[in-house]
Every structure is written in C-alpha cells, then in structure tokens.
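First up is the structure itself, then whatever we jot down about it.
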Amino acid sequence: MNFEKPSRRNTDRSKVSRSRSPRTSRLNSTPLFFKGTGSIKNPSETPTRSTPQHSEKEDYGPEYKALEWESRQLIDLEWYDCEEGANTMKNEDDFAYREGVAESRREKKVKLGSLKKLERMQDNDKWEINRMVSSGTIKVHAKDAYDEQDEEHRVVLMVHNIKPPFLDGSIVFTTQLETVQVVKEPNSDIAMLARKGSAVVRIVRERNERSKMRDKFWDISGTALGSMLGVQKKIEEDFSKYDDEGNLDYKADSQYAKSMGNFEAVSDFARSKSVKEQREYLPIFSVRESLMNIIRENRIVIIVGETGSGKTTQLTQYLYEEGYTSYGIIGCTQPRRVAAVSVAKRVSEEIGCKLGDKVGYAIRFEDCTCDQTIIKYMTDGVLLRESLNESDLDQYSAIIMDEAHERSLHTDVLFGILKKVVLRRRDLRLIITSATMNSQKFSEFFGNSPVFTIPGRTFPVDIIFSKTPIEDYVDAAVKKALEIHLQQPPGDILIFMTGQEDIMATCVLLNERITELGPNIPKIRVLPIYSQLPSENQARIFQKSDLRKCVVATNIAETSLTVDGVRYVIDTGFCKLKVFNPKIGMDALQITPISQANANQRSGRAGRTGPGSCCRLYTDTIYREDLLENNIPEIQRTNLANVVLLLKSLNIGNLLEFQFMDPPPQENILNSMYQLWILGALDDLGELTELGKKMVEFPLDPPLSKMLLEAERYKCSSDILTIVSMLSVPSVFYRPRDRESEADASREKFFVPESDHLTLLNVFTQWKNNGFRSDWATNNFVHIKALRKVREVRAQLSDIMKSLNIPEISCGNNWDVIRKVIASGYFHNSAKMKSIGEYVNMRTGIPCILHPSSALFSLGYAPDYIVYHELTMTTREYMQYVTAVDPYWLAELGPMFFSTKENFQEIERKRQKEAKNRIIEELVASKNKEENKGQEDEVKGSGQIVMAGREPTPRRTPRIHPSL
DNA sequence: GAGCACTGC
C-alpha cells in the first residue's frame with residue numbers, strides 16, 4: 001500500500017448517519033465496487049480507472065452511477081488534501097484553484113453524504129466479495145484483481161527479462177518464431193490433407209457421441225472381448241524384486257527378460273536345427289571373413305544390413321570369436337529396451353551361458369551384467385550415461401551402434417562423442433549399422449569410413465501407388481482392406497494409421513461393412529494396436545487365427561514390433577509427430593505426411609515371411625516430390641536442455657562447435673542454455689555450476705532435478721523425491737470409460753486444495769501406508785503399474801541422492817515448504833490469475849487454463865499465482881499439475897524474471913507521482929464539467945459517465961510541487 | 001468439464 005489512508009476519514013465515520021435508505025442498503029449487499037458484469041472493482045482507485053462499465057446502469061441506473069463516481073472523487077480529494085495538499089497549495093497562484101476544489105467538495109459532501117459511508121464499509125464489502133467469489137457467484141477479472149492488489153495488501157510482481165551475459169544479445173525463448181519445418185512443401189496436396197484430417201473419423205465420432213454408444217466405439221478392444229479370446233489376465237504379483245524387508249530392489253536380475261518371452265514364436269526351423277546350424281544359415285555368415293577383415297583394418301565401419309540378416313545377434317559373437325574381448329568388452333546399443341533384452345537373451349542361448357553371465361544387458365533400472373560379462377547389450381541412453389563417468393569408455397574394445405538410422409536423440413549425441421573417443425583411443429572399434437538410404441551420409445560423417453553391405457533376406461514387395469490423390473485416408477484404407485480381403489489370396493493385412501481415434505474408427509467401419517456384405521462373406525479379425533492399448537490386448541495380434549487378420553496400427557508396428565504373417569500393407573502416408581511450436585512455447589502432436597524412409601520401412605513389413613504387396617494411398621508423384629527423404633532427426637525438433645547439460649559436463653566448451661550429424665538449430669541450443677541459466681545450472685559465462693554438475697547425475701528434466709537438489713536446503717528431500725517420481729510416469733489416475741464419475745469421486749479424495757503436486761504426494765503416501773497393496777490401488781482408481789514404476793524411479797533417484805550425500809528428510813506436513821521447492825524448479829512456468837480457472841503466463845502472456853482434473857479446478861477460489869508442470873495443447877491450452885505459490889517466492893527464486901515492488905522503489909515513486917498528477921487533473925476537469933450543465937445533462941441522458949478529464953482543460957493547469 | 005505418435009535415462 002503506497003497511498004496511506006488519511007486518518008481523518010476514520011474520525012468522520014462517527015458523524016455519518018447509520019440509517020440506510022433502500023438504495024444504500026442494496027448497495028451494501030452488493031458492494032459499490034461490484035459491477036453488474038460480475039467483476040470486482042476497487043473503490044479507492046483513481047477516477048480514470050473507475051469508468052463504470054456500460055452494463056452497470058442496468059443494475060443501478062445512471063443517477064446512482066454519477067453519485068458513485070462523484071463520491072469517489074470526494075474521497076480522493078480528502079485524501080489529497082490531508083496528505084499532500086498543504087505543501088502543494090502554498091503557491092498563491094493556486095489559491096483560486098484550491099478554493100474551487102474546496103467549494104466543490106463542500107457541495108458534494110452535502111449531496112453525497114449518505115454514499116460516503118460506503119467507503120467505510122470497504123472491509124465488510126471485501127469480505128462479502130470474497131464469499132461471493134468463493135461461492136462462484138461472481139467472477140474476478142484479472143485487471144480488477146490486479147488493481148485491488150495494487151492498492152491493498154497483495155504483492156505486485158514486476159516482470160522483467162534479464163538475459164545471461166554469455167548469450168550476449170542472442171535470440172532466446174519467445175523470439176524464435178519459426179516452427180521447425182516437418183513437411184517438405186507445406187502447400188502440397190498431402191500436407192493439406194494432413195491438416196484436413198479424415199471426415200469419416202469425424203462422422204464416426206459424432207455418431208457415437210450422439211447415440212451414446214461410446215462403449216461400442218471405445219471398448220471394442222475391451223476386456224469382454226479379450227477374455228472371450230482367452231487372454232489370460234496376469235494377476236499374480238511379482239515379489240522377486242523385493243527383499244526381506246519389503247524394499248524395492250529395482251536392479252533385480254532379468255526382470256524384463258522374465259516378463260518377456262511369452263509371445264515368442266518358436267518356428268519349426270528353430271526346433272529342428274542346432275544352434276550352430278541356425279547361425280550358419282543367416283546371411284551374415286556368408287560374408288563373415290570379409291567383414292572381419294574390414295573391421296580389422298578400419299577403426300570405424302558402417303554396416304548396412306536388412307532386418308533378418310543376423311547382424312544384431314552375430315556381429316558381437318564374431319568379434320568375441322576374433323579375440324576382441326581380450327582387452328575389453330563388446331558393447332552393442334539398441335534404441336529400445338525390449339530389443340536390448342531379447343537380443344541379449346538370444347545371444348546368451350547361442351553362446352550357451354546364463355543371461356547376465358558372459359552375455360548381459362543394461363537398461364534403466366536393470367543392470368543384468370557381472371564381472372564376467374564380455375558382450376553387453378544396452379539402450380543407447382545407458383551408454384550415454386556411462387560416457388559421463390568414463391569419458392573414454394575404457395572398458396569397451398568395440399562398440400556397435402545398432403539401428404543407428406533411427407536417429408534417436410541419444411544416438412545423435414553418441415555419434416559426436418564416439419567420433420572423438422575413437423580419435424583418442426586407437427584400440428577402439430566403432431561399428432555403426434544403418435539402413436541403405438543414409439549409409440553414405442554416415443560414412444561421410446565418420447571421415448569416409450568404409451560401408452559394408454550384408455545381403456538381406458527379405459522377400460520382394462510389390463508397391464502399388466494410388467492413381468489419384470485420395471480425399472479421406474480412413475475411408476480409402478477401409479475400402480482397400482475390403483478389396484484385398486475379397487480378392488486376394490490368404491495373408492494378413494497391416495494398416496498404418498496415425499492414432500488411436502483413427503484406428504478405432506477404421507476398426508468400426510471395417511467390421512460394419514463386412515457385416516453389411518452378408519453372411520456369405522468370409523469373416524475377418526480386425527485387431528487394433530497402439531502403445532496405449534493394455535498389453536493383454538496388444539498380445540492378441542500375435543495369436544494364431546484361422547481367420548484373416550487385419551491389424552490396424554500406429555507407427556508402433558513400423559519399428560517396435562513385428563507382426564509375422566503380414567502379406568499386405570496399406571500405408572495411409574501419415575503419422576502423428578510431436579512438433580515444438582516456439583510461438584506458444586509448447587509441443588503439439590500433429591498429423592504430418594511421413595518421409596520416404598518411413599514409407600519404405602512400412603512397405604518392408606509386407607515381405608517378412610514371403611512376397612507381399614504394399615498399397616500406398618498416395619500417388620507416385622507425391623512420394624517423389626512431396627515427401628521428405630528422411631525424418632527430421634529428433635535432435636532438431638526437441639528441447640535440448642538435457643543434452644546441453646550433458647555435453648557441458650563432458651567439458652565441451654562451445655556447444656555450437658560440437659560435431660552433430662545434423663546440428664540442431666542454433667536457437668534451440670541457446671534457448672536450452674538460457675533455460676539452464678535460469679535454473680542456475682550454468683553461470684553467467686555459460687559454464688556449469690556446482691548445482692549443474694549435480695543435476696547431470698539425475699535422469700530427469702532439469703527443472704525436476706533442480707527441485708530435488710533444492711529440496712535439500714528446505715529439508716523436504718524425501719517428499720520432493722516422491723513428487724518428482726510421480727511426475728516421471730504417466731498419470732497414475734485410472735478413469736475407465738464407463739465409470740467416470742466414480743473414478744472422479746475417488747480422485748477427489750486425494751485432493752490437496754492448493755496443489756496437484758501435493759495431491760500426487762498424498763496418493764503415494766497413502767499407497768505406502770496401505771502396504772503398497774495392489775488391491776488398494778484398484779479400489780481407489782489408481783494404476784498399480786504406474787505406481788510400481790514410481791517406486792522404481794524413486795529407488796533409482798534415491799540411490800543417486802545417496803551417492804551425492806543428500807540425506808532423505810521428510811518435512812512432515814509442512815506443505816508450504818514443498819510448494820516453495822516446486823516453485824524453485826518451475827517459476828518459469830508461472831501464471832497469474834485472470835479469472836477463476838483462467839490464467840496467463842507471467843512472462844509470455846499466453847493464456848492457459850486449469851485442466852478439469854486439477855485439484856484447483858473446482859476449488860471455488862483461485863490462487864493469484866501458480867506454477868504448472870507443463871502445458872498441453874489439446875482442445876485448449878491446459879496446464880497440467882498446478883500448484884499455488886506465493887509471489888514472494890517467485891521473486892526470490894526467479895529474480896531474472898520477477899521482483900516485488902519493494903525492489904523497485906525508484907519506479908514506484910515515479911508511479912505514485914504520476915498517479916497523483918492524474919488525480920489532480922481529474923479533479924480540475926471534473927470541476928470544469930460541473931460548470932458545464934449542458935454536458936452533464938447529456939451525460940445523464942445517455943446513462944453514461946464521460947470522464948471529463950479526458951478533455952483539455954486550458955483554464956487551469958495545476959502546478960505540482962517539485963517534491964511530488 | 002477432459003483424450004493419449006513412438007522412444008529413452
């Protein structure tokens with residue numbers, strides 16, 4: 001509060017009659033500053049800002065409005081008089097003016113005496129308004145709320161944008177406006193089609209919403225059908241991970257391997273032949289000698305090999321047999337966990353050892369290796385982590401990067417790192433495997449390394465392009481599938497779709513049309529598959545069936561899993577891609593045309609077990625001219641904060657000079673460096689700080705690791721550990737389609753009113769208090785799988801904390817401290833209330849709203865300041881996981897963005913001065929207005945107040961004392 | 001008053 005209230009006002013109170021006219025009593029129940037529009041206005045604000053809204057007159061009438069406005073001036077005048085008047089009015093020239101003001105004041109006092117007490121009632125009114133806001137009767141608008149806090153007890157945060165010196169004027173954050181181009185030609189037919197989407201899907205969606213037969217639409221893959229087909233539900237708990245005290249041993253041996261293997265097909269070939277025979281049957285065996293020669297002579301070799309050539313399983317064994325393991329071990333990276341585990345399992349069988357002995361694997365949460373291990377399969381992320389602790393990767397004598405053409409973020413970073421390691425270590429062999437398309441590029445990147453091609457064993461695939469561009473890819477795919485089903489010889493069909501909704505619509509339509517054709521038509525088994533589908537339903541695509549199978553899949557079937565028996569592929573030409581949109585600063589999933597590489601990969605799926613054909617639902621011309629040759633590598637379209645942190649900790653001074661195969665846009669790097677600087681991981685020179693060095697240790701996003709480390713200071717590390725772990729898994733809340741309200745009610749029981757983060761903590765704590773029981777989870781609509789994952793993550797993070805000597809302490813119920821720690825990692829995602837449920841990002845001004853699942857959503861009042869975990873753009877921009885924060889915290893924790901007013905006394909003094917000047921001007925103007933009766937009549941007639949202060953007042957311009 | 005391409009540490 002900057003303008004002190006005059007003491008005189010208090011003394012005046014006693015003189016004012018307490019009787020109420022009907023009008024004033026109404027005013028009392030609906031406070032003066034409560035506008036008819038349903039917003040709050042501050043009573044003591046300056047006249048310029050108190051222009052009543054048009055709708056007001058409907059409630060109170062113009063006369064009241066005029067009175068109200070004048071009464072405010074009166075109050076303002078009084079305050080002016082007693083606070084500064086004496087100084088200001090000393091000048092003789094101002095005498096007449098002062099007289100005029102005083103006269104006006106006396107008149108008004110008489111006329112408006114009864115209204116004056118409204119000011120006295122201010123506190124009462126505020127209380128009432130608070131009640132009304134909390135009951136949801138009225139809405140609070142941001143500006144008004146701002147004004148109120150401006151004048152009263154609330155804090156005002158100043159927003160600014162201080163840049164780190166090392167960026168030196170470089171572009172950061174919101175100024176980067178270009179979206180990464182993921183389409184070759186944005187105006188091409190196929191790009192337009194991608195934006196348009198499928199009309200049939202919309203029809204199916206609407207139809208199902210209308211008929212409320214959503215169950216049919218959504219639960220086609222549901223449990224009823226699943227159990228009918230004999231899919232066994234796995235209920236038994238796996239306790240092998242827990243030690244005697246019930247603690248979680250997340251590194252327990254071969255977890256993943258145990259849970260796998262259920263669906264592995266054992267072919268007749270495998271049954272009838274010995275391991276040796278099987279190995280010699282593989283295409284790679286025929287080129288073994290020449291391959292080994294090339295590897296012996298070159299330190300880096302690029303190997304091109306189709307799937308099924310045996311490179312993944314044989315290469316490691318060849319190197320072992322050639323003696324490369326005499327001075328180190330052989331590492332082989334895979335982009336996926338499943339692949340790393342299953343290949344390791346297969347190779348251990350071929351060599352004839354126990355998994356984890358000579359042959360092992362390492363993925364997150366599971367290190368299935370020992371001192372004897374000489375062949376180690378792992379995910380690329382694991383190798384990247386290892387390179388942090390051991391920058392020369394000394395334990396390896398050879399590293400194979402398998403499936404490198406997939407260009408995952410980790411692979412791309414490893415490329416740059418390994419290239420340097422090979423220069424330093426003359427004894428290290430590096431082998432990169434790639435698809436045919438970009439082998440040349442790989443070779444060039446690695447200093448023109450030789451490319452060795454292994455003949456594949458795939459069958460020819462007929463490619464059939466559409467003759468004309470199609471209008472609706474879902475409709476066209478359904479027609480094509482029917483055509484194949486009715487006309488072509490046996491063999492399963494695989495359709496590539498973009499997402500869940502497309503897939504379900506396709507399944508529904510396909511089933512419908514088959515039924516329509518009558519009973520004489522052969523049946524078909526339509527099977528959806530996407531990653532979100534429960535795993536028991538996913539497994540159905542591998543089951544044998546007498547009917548022709550038609551698998552409708554997302555990109556998951558392109559690389560992650562192989563459906564055998566597919567002879568026909570239908571390729572819609574689209575996929576969903578996560579694209580970062582810098583304009584709004586968030587990622588969005590959008591339907592985009594695939595690349596030529598995608599298309600080839602998809603068609604290849606038809607030739608796994610025999611010759612096949614692939615129908616592409618786009619023309620030859622589109623394929624050649626409108627599709628990109630390769631995908632945009634992940635590294636070019638993602639947030640690089642973690643990568644930057646990692647490279648910084650590898651002592652790579654200038655990141656812009658790091659050797660990327662496809663360098664990410666410079667702005668992305670700078671942007672990430674800026675984000676790290678904000679969090680305190682980089683100093684003003686762009687070097688890693690002590691905090692940053694610790695942050696690298698955690699496999700977490702920088703804001704989350706910042707939270708964890710900050711928690712030590714506030715003595716709530718244990719609680720934050722839980723929250724961070726909960727945030728690292730998909731939502732734990734289970735909301736089945738037919739029991740939404742039940743699930744919602746259950747979720748609300750966990751709510752902590754001011755914070756979704758604390759709600760998460762609450763869920764975990766209660767689960768823990770109930771002995772980590774799975775039936776507790778099921779009864780409370782919580783995903784048990786997700787919770788178990790939380791435990792795993794938590795155990796891993798806890799280990800890292802121990803290694804950093806950070807004690808695990810819980811703060812008990814001191815939840816304010818926890819909220820503050822959350823703010824320490826997420827102050828950059830802070831938003832200020834605009835109205836209930838609606839916020840604007842403090843820095844960017846982007847409007848964002850509370851997600852209906854948030855604990856704050858149905859709270860009844862809206863905290864002024866909040867931080868959120870992330871923004872998702874679906875139907876609207878929703879904030880996910882929101883916590884109310886104190887604005888002082890934001891200023892304390894994020895000084896580069898925020899400061900409270902107190903820090904800016906200079907600015908504040910100036911602002912006060914301006915405000916006072918304005919009041920005086922308004923008063924003068926108002927007096928002028930009174931003199932002009934005609935004008936006032938006009939005002940009353942129109943029912944609006946025209947602020948006379950806006951008009952020039954040449955006669956009297958008040959002189960302002962220099963001290964003001 | 002609400003919806004999920006695919007990975008990974």
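Every chain is numbered from 1 and lettered A, B, ... according to where its sequence line falls, protein lines coming before strand lines. Nothing here was measured: the structure is a model prediction, and the numbers come from that model.
When each of dA5(B), dG1(B), dC9(B) is scored by its nearest atom to the side-chain atoms of Arg337(A), the top-ranked nucleotide is dC9(B). Nearest nucleotide to the side chain of Gln532(A), out of dA2(B), dG8(B), dC4(B): dC4(B). For Pro699(A), the side-chain atoms get nearest to dC9(B) when compared with the rest of dC6(B), dC9(B), dA2(B). Among the nucleotides dC6(B), dG8(B), dC4(B), the one closest to the side chain of Ser531(A) is dC6(B). Candidate nucleotides dA5(B), dC9(B), dG1(B) were compared by shortest atom distance to the side chain of Lys576(A), and dA5(B) ranks first. With dT7(B), dA5(B), dA2(B) as the candidates, the nucleotide lying closest to the side chain of Thr554(A) is dA5(B). Taking every side-chain heavy atom of Arg364(A) into account, dC9(B) is the closest of dT7(B), dC9(B), dA2(B). Here the side chain of Thr379(A) is nearest to one of dA5(B), dG1(B), dG8(B), namely dG8(B).
Using a 90° window around 0 for the glycosidic torsion, dC4(B) falls inside it and is classed as syn.
As rounded to whole Å, 16 Å separates atom P of dA5(B) from atom CZ of Phe574(A).
With sequence neighbours excluded, the residues forming a side chain to side chain contact (heavy atoms under 4.5 Å, CB included) with Glu403(A) are Lys311(A), Gln334(A), Pro335(A), His405(A), Glu406(A), listed by chain and number. Every residue two or more places apart in sequence or in another chain that forms a side chain to side chain contact (heavy atoms under 4.5 Å, CB included) with Ser560(A) is listed here: Arg336(A), Ile556(A). The side chain to side chain contact (heavy atoms under 4.5 Å, CB included) test applied to Ala681(A) returns Leu645(A), Leu676(A), Met695(A), not counting sequence neighbours. Every side chain to side chain donor-acceptor pair (under 3.5 Å) that Arg747(A) has, sequence neighbours left out, goes to Asp744(A). With sequence neighbours excluded, the residues forming a side chain to side chain donor-acceptor pair (under 3.5 Å) with Ser798(A) are Glu808(A), listed by chain and number.
Using a 4.5 Å heavy-atom threshold, the side chains of His410(A) and Thr333(A) count as separate.
Listed in residue order, the members of residues 591-600 of chain A having a heavy atom less than 4.0 Å from DNA chain B come to none.
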